[in-house]
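The next block holds one structure in the form of structure tokens; read it before the comments.
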Amino acid sequence: MTSTPVTLGIDLGTTGVKAVALDEGGRTVAQASRTYPLLTPYPGWTEQRPEDWVAAALDALKDLAQQLRDARALPLALGLSGQMHGAVFLGAGGEVLRPALLWNDQRTGKQVQAIEVRIPRTDLIARTGNRAVTGFQLPKVLWLRDEEPEVFARLAHVLLPKDYLGFVLTGEMRTEPSDASGVGALNLACKAWDREVLQALELSPRLFPEVVNSWDVVGRLKAELSAYTELPAGLPVVAGGGDNAAAGIALGLTSDRPRVGSVSLGTSGVLFAPLAQPTPDPQGRVHLFAHADGGYNLLGVTLACAGALQWLHDKLAPDTSFDLLLSEAAKVPDGAQGVTFLPYLAGERSPHMNPELRGAWTGLALAHGRGHLTRALLEGTALALADTYEVMRPLSSVNTFLATGGGARSDFWLGLVAGALDVQVERSTHEPGAADGAALLAMPSAGIYRDLAEVMQALRPAGTPVRPLEITKAREQHSSTFARLYGAVQPEPQLGTAPVQADVRA
Ligand code: ADP
């Protein structure tokens with residue numbers, strides 16, 4: 001009996017690692033996951049031990065290899081994916097110098113200010129696609145120089161999380177544009193480290209690895225790790241993509257089809273819009289990254305989406321199902337009879353970039369009940385996504401968003417989102433993740449498809465259209481309440497002058 005060719009994908013997430021094996025039809029042949037601890041030594045600090053990532057990843061790969069043997073499947077290549085923006089600090093021999101700083105670490109406020117003093121915000125956005133952001137890797141390197149000079153003195157290489165895993169697996173240090181563009185120092189036009197940005201910060205470009213294509217082979221699995229995992233010796237390891245880009249690839253989002261983007265109603269809300277050209281928002285209110293297909297993508301993140309519904313559930317209705325909460329809300333008319341919810345429970349990323357913003361229910365009267373509170377909350381989260389989309393709209397040509405995430409289980413919520421965005425929203429027929437995208441990125445090098453375009457053509461998931469719901473009244477209330485309360489909640493920082501301290505979601 002011949003064995004089924006498969007490619008593997010691995011996603012190094014914040015809570016754990018997930019590994020999958022896909023056959024040429026994109027079907028999952030095997031999967032395995034492992035968790036690891038998150039370290040929070042001080043308020044605002046988030047770290048992980050790269051050694052924990054490696055142990056968990058090798059364990060998951062060993063599990064996968066066992067399943068593949070049982071399924072008579074033959075792994076041909078392994079693609080990498082993972083949490084973006086983290087900093088793994090290595091010495092000259094590739095040894096880990098300290099725990100890695102993660103995407104949601106907030107300790108670099110001072111370093112973000114320092115970047116903004118040395119490089120005008122508009123210039124940094126034009127070069128790298130983004131303003132200086134606390135979560136990005138670049139200010140973390142400056143933090144190390146400022147706060148742990150004895151470690152910085154031994155620093156020879158800085159790698160992103162998935163690229164560190166690639167280094168351990170193959171002995172080669174490489175990165176690729178989708179993850180590298182989340183460092184904060186990649187020149188997007190040429191997809192190379194911006195020497196002038198680094199020079200302005202007195203950092204050597206030699207600290208950062210060579211940038212190759214996302215679908216390129218970065219090296220081959222080391223013999224001793226092949227022996228440990230029982231994966232084939234010399235298995236090609238493919239550069240892969242940052243988790244958002246890899247998830248985009250898994251949904252079939254490519255820059256040669258810039259009309260289809262995605263909206264994810266997860267803990268936070270994420271709008272992903274592929275682009276052929278690197279056109280940033282001049283004010284940096286949404287992120288611009290390199291996509292893993294060779295193009296680019298805009299990324300807008302609202303911090304409170306399904307997380308806000310989870311909060312309402314946990315604090316006010318812990319014994320009630322999500323379905324019941326949603327059905328109560330669906331009985332209330334557009335605008336929740338005057339109740340408005342500003343969803344900024346955790347500050348806001350796009351488009352306000354203000355971590356100090358806070359949430360509010362307004363317009364409450366005795367006649368209102370739980371259904372009104374829930375409806376207003378759902379409308380508020382949908383309209384926060386629409387505020388972000390307003391910034392993206394003139395820069396992108398998306399006319400259809402594929403919807404994913406826990407909130408997309410509800411037709412009603414998705415209908416509100418479709419109404420708020422005022423473009424076609426389709427529910428994705430299946431919900432592949434970043435590990436799947438990494439496995440797809442490995443298919444060309446495995447010879448299963450000629451190139452990534454052919455992979456996408458064959459394996460792109462379909463969508464079923466969602467009926468948009470009326471949200472006109474809610475939209476008016478959202479704008480007027482926001483305008484009225486924003487100053488009362490927290491004054492807006494002056495765009496173009498004040499440093500940004502919003503974090504970024506990997
Ligand atoms: P994460 O971003 O953590 O991966 P998920 O995409 O899994 O989150 O979404 C989980 C969220 O989905 C829950 O917090 C809840 O708000 C929402 N949710 C769960 N069940 C439903 C449902 N039946 N209808 C709408 N939303 C739901």
Side-chain angles (χ1 to χ4, degrees), residues 11-18 20 31 33 35 38 46 81-84 102-104 135 242-244 246-248 250-251 262-272 299-332 341 343-346 348-350 359 370-371 373-382 384-385 388 401-420 425 427-437 461 464 466-467 469 503-506:
D11 175 27
L12 207 59
T14 312
T15 49
V17 60
K18 181 175 180 196
V20 300
Q31 56 180 312
S33 55
T35 58
L38 177 73
T46 55
S81 173
Q83 46 174 305
M84 292 174 69
L102 305 193
W103 57 272
N104 50 358
D243 54 6
N244 281 307
L251 279 176
S262 68
V263 55
S264 168
L265 310 186
T267 299
S268 44
V270 181
L271 288 168
F272 183 105
L299 194 82
V301 181
T302 64
L303 289 179
C305 192
L309 182 66
Q310 184 79 48
W311 168 82
L312 179 145
H313 171 271
D314 294 351
K315 306 291 180 192
L316 302 181
D319 302 322
T320 310
S321 71
F322 285 113
D323 285 341
L324 179 58
L325 285 173
L326 269 293
S327 72
E328 287 173 2
K331 293 191 190 109
V332 173
F341 181 71
Y344 313 116
L345 299 170
E348 189 55 299
R349 184 93 57 82
S350 299
R370 189 167 72 183
L373 296 181
T374 311
R375 169 127 197 167
L377 180 141
L378 300 173
E379 289 174 341
T381 56
L385 281 167
T388 294
F401 280 110
L402 275 182
T404 63
R409 272 176 242 161
S410 157
D411 284 337
F412 172 63
W413 199 355
L414 220 42
L416 291 177
V417 170
V425 172
R427 178 182 276 110
S428 174
T429 47
H430 63 289
E431 277 214 28
D436 301 85
T464 49
V466 170
R467 194 171 62 84
L469 294 175
D503 66 332
V504 292
R505 175 107 203 261

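Every number for a ligand or one of its atoms is a count from 1 in the order of the listing.
For R370, the side chain to side chain donor-acceptor pair (under 3.5 Å) partners at least two apart in sequence or on another chain are T320, E328. For T381, the side chain to side chain donor-acceptor pair (under 3.5 Å) partners are W413, not counting sequence neighbours.
Comparing heavy-atom distances from atom 22 (C) of ligand 1 across F412, W311, F322 singles out F322 as nearest. Checking S327, A308, A306 against atom 11 (C) of ligand 1, the nearest heavy atom belongs to A306.
Side-chain atoms of R349 never come within 3.5 Å of backbone atoms of V301 as a donor-acceptor pair (strictly under, hydrogens ignored). For the pair S81 (side chain) and A435 (backbone), a donor-acceptor distance under 3.5 Å is absent.
Considering backbone and side-chain atoms alike, D323 places an N or O below 3.5 Å from some N or O of ligand 1. Taking only nitrogen or oxygen atoms, main chain and side chain alike, G266 does not reach within less than 3.5 Å of ligand 1. Residue G406 has at least one nitrogen or oxygen atom sitting less than 3.5 Å from a nitrogen or oxygen atom of ligand 1, judged on distance alone. The shortest N/O to N/O separation between W413 and ligand 1 does not fall below 3.5 Å.
Rounding to the nearest 0.5 Å gives a distance of 9.0 Å between CG of D243 and CH2 of W103.
In terms of heavy-atom proximity, A250 sits nearest to P432 at O-CG, 3.3 Å.
For ligand 1, the atoms sitting less than 4.0 Å from at least one non-hydrogen atom of G405 are 6 (O), numbered in the order shown with element in parentheses. Atom numbering of ligand 1 starts at 1 in the shown order; those under 4.0 Å from a heavy atom of Q310 are 13 (C), 14 (O), 15 (C), 16 (O).
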